[in-house]
*Asks:* 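Sharing a structure below in structure tokens format, with a few things to ask.
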Number of protein chains: 2
Amino acid sequence: MDDVTEPPSRKGAARKIELLDATLRIIARDGLAGLSMRGLAAEAGAPLGAVSYYFAGKDELVEAAFARHSEIEGERMAAMIRRVGAGTPDEAADAVADFVVEGCTVRRRQLITEYELMVESARRPALQESTAGWLRSLRAQMVEAMTALGSADPEIDARLLLAVISGLEVDSLADEPGPTQRDVVRSVLSRLRGAR
Amino acid sequence: MDDVTEPPSRKGAARKIELLDATLRIIARDGLAGLSMRGLAAEAGAPLGAVSYYFAGKDELVEAAFARHSEIEGERMAAMIRRVGAGTPDEAADAVADFVVEGCTVRRRQLITEYELMVESARRPALQESTAGWLRSLRAQMVEAMTALGSADPEIDARLLLAVISGLEVDSLADEPGPTQRDVVRSVLSRLRGAR
DNA sequence: GCTCAACTTGGACGTTCGTCCAATTCTGAG
DNA sequence: CTCAGAATTGGACGAACGTCCAAGTTGAGC
């Protein structure tokens with residue numbers, strides 16, 4: 001994942017990050033449709049010119065915000081996968097369930113941003129490439145975790161578990177998550193060792 | 001789901017549907033961010049005034065487009081669930097796999113629209129309510145199908161299967177679906193009868 | 001302390017936007 | 001045939017938009 005924080009800058013890097021975090025807040029609240037250079041400037045408490053200075057155009061802004069988001073959420077997800085591969089199946093279920101429940105509640109804002117950007121990457125080749133790479137990386141990590149967990153078919157089980165996670169998250173966007181999320185996660189993980 | 005086609009109109013209903021279908025095309029291609037009254041008029045080959053005449057504002061337009069989309073896709077999904085509950089587990093797996101594969105390939109445009117609207121309903125209470133109702137209805141149908149299939153815990157299995165479907169679809173937005181989708185579906189359905 | 005690149009800022013430009021309205025045509029019920 | 005209401009249209013309006021630029025400020029390296 002691109003590191004957004006390093007450019008030639010002196011202190012410009014800090015401001016760039018402020019702008020990107022403000023961008024992610026706006027996307028969560030109003031969507032890409034509600035994102036404007038002026039609105040961003042207002043949200044970040046910066047003059048309009050500052051936005052133009054750091055980002056050549058709206059497209060570049062969105063792509064940079066995407067990279068920033070992946071940087072943050074990718075690490076969070078990698079940590080979850082590490083927990084999955086490190087413990088017993090029951091501990092793995094807790095790791096996944098914690099991740100999902102946290103995503104759907106306290107991190108709901110970031111969740112909305114995540115899927116907004118996901119949908120947008122279905123349209124922009126530049127985003128698609130980077131999202132596909134991100135998903136493949138997570139899947140590879142998950143395959144490893146499934147292997148460590150003794151899965152009979154780690155490749156399929158990894159895809160299955162990742163799909164369940166995405167699915168539970170997406171459903172929670174519109175419908176209340178409900179207490180069954182943990183049960184669903186436990187259910188799928190309890191069957192990993194079954195015959196296939 | 002609201003029926004969009006009935007208003008007091010004479011022939012206005014046909015035009016309203018044309019406008020809504022054009023709206024859904026634009027959302028798939030350019031997102032809600034790329035949807036404008038003028039662009040819609042151009043896409044539908046109608047004058048700008050026609051859009052204002054049939055929809056009081058952009059919000060109402062989006063909500064009507066959402067209802068139109070649910071009308072179409074809801075029926076398609078219901079048909080799939082019927083197939084799931086009607087046959088053997090193997091036939092059920094085929095029904096789900098066919099549905100997912102078709103959604104990710106030939107119906108990719110509609111898939112993008114679906115998740116764009118899904119994310120948007122996380123922001124608008126009006127959409128959220130109707131999306132939540134839609135999901136609950138599908139889930140109820142799926143619970144029935146799981147029961148017919150002999151599931152030991154139809155409620156959980158229904159949520160699990162629906163989550164897998166959503167997850168596979170979402171992943172396919174950015175990454176190529178690949179031939180493993182069928183395997184994942186078969187894998188999850190082959191475990192429905194297992195102990196829990 | 002001079003220099004130059006990085007940074008910062010306010011404002012102007014032309015475009016596109018959502019909304020609104022007056023005028024006109026169409027059409028089915030009485 | 002008549003007429004009320006639906007359908008249709010083009011254009012006008014102010015607001016908000018993305019982009020660009022010229023002028024100013026800052027601060028590390030020489």
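In what follows, chains are A, B, ... by sequence order, proteins preceding strands, each numbered from 1.
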*Asks:* Can you tell me if the side-chain N/O atoms of Arg15(B) get under 4.0 Å from OP1 or OP2 in dC26(C)?
*Replies:* no
*Asks:* Rounded to whole angstrom units, what separation is found between the CD atom of Glu60(B) and the P atom of dT19(C)?
*Replies:* 10 Å
*Asks:* Strictly below 4.0 Å: does Tyr53(A) bring a side-chain N or O up to OP1 or OP2 of dT8(C)?
*Replies:*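 Result: no.
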*Asks:* Rounded to whole angstroms, how far apart are CG on Leu48(A) and P on dC13(C)?
*Replies:* 16 Å
*Asks:* Is the distance from OP1 or OP2 of dT19(C) to the nearest side-chain N or O of Ser52(B) less than 4.0 Å?
*Replies:*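 False: Ser52(B) side-chain N/O out of range (4.0 Å or more) of dT19(C) OP1/OP2.
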*Asks:* Return whichever of Gly39(B) or Pro47(A) has its heavy-atom-nearest nucleotide of DNA chain C closer to the 5' end.
*Replies:*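 The residue whose closest nucleotide sits nearer the 5' end is Pro47(A).
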*Asks:* Respond yes when some side-chain nitrogen or oxygen of Tyr54(B) is under 4.0 Å from OP1 or OP2 of dT8(D), and no when none is.
*Replies:* yes
*Asks:* Would Asp90(B) and Arg186(B) count as a salt bridge (Lys or Arg N to Asp or Glu O under 4.0 Å) here? Give the steps.
*Replies:* CA-CA 8 Å; Asp90(B) 278 350; Arg186(B) 268 195 282 264; over 6 Å; no
*Asks:* In terms of side-chain geometry, is the basic nitrogen of Arg139(A) or Asp171(B) positioned less than 4.0 Å from the acidic oxygen of its partner?
*Replies:*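 Looking at Arg139(A) and Asp171(B), the cut-off is not met.
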*Asks:* Rounded to whole Å, how long is the line connecting atom CG of Leu61(A) with atom C1' of dT19(D)?
*Replies:*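 Atom CG in Leu61(A) sits about 14 Å away from atom C1' in dT19(D).
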*Asks:* Does a side-chain heavy-atom distance below 4.5 Å link Arg25(B) with Thr113(B)?
*Replies:*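 No, their side chains stay 4.5 Å or more apart.
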*Asks:* In this structure, how many angstroms lie between the P atom of dC21(D) and the CE atom of Met37(A), rounded?
*Replies:* 14 Å
*Asks:* Which part of the nucleic acid, if any, lies within reach of Leu35(B) when heavy atoms closer than 4.0 Å are counted: base, sugar-phosphate only, or nothing?
*Replies:*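 Sugar-phosphate only.
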*Asks:* Once you round it to whole Å, what is the distance between P of dC17(C) and NZ of Lys58(A)?
*Replies:*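 Nearest whole value for this atom pair: 11 Å.
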*Asks:* Starting at CG of Leu40(A) and ending at P of dT19(D), how long is that distance when rounded to a whole Å?
*Replies:*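 Distance, rounded to whole Å: 12 Å.
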*Asks:* State plainly whether the residues Arg109(A) and Glu116(A) are in salt-bridge range, i.e. N to O under 4.0 Å.
*Replies:*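 Result for this pair is no, no salt bridge flagged.
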*Asks:* Let me know the distance between CZ of Arg38(A) and P of dG18(D), rounded to the nearest Å.
*Replies:*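 One finds 7 Å between P of dG18(D) and CZ of Arg38(A), rounded.
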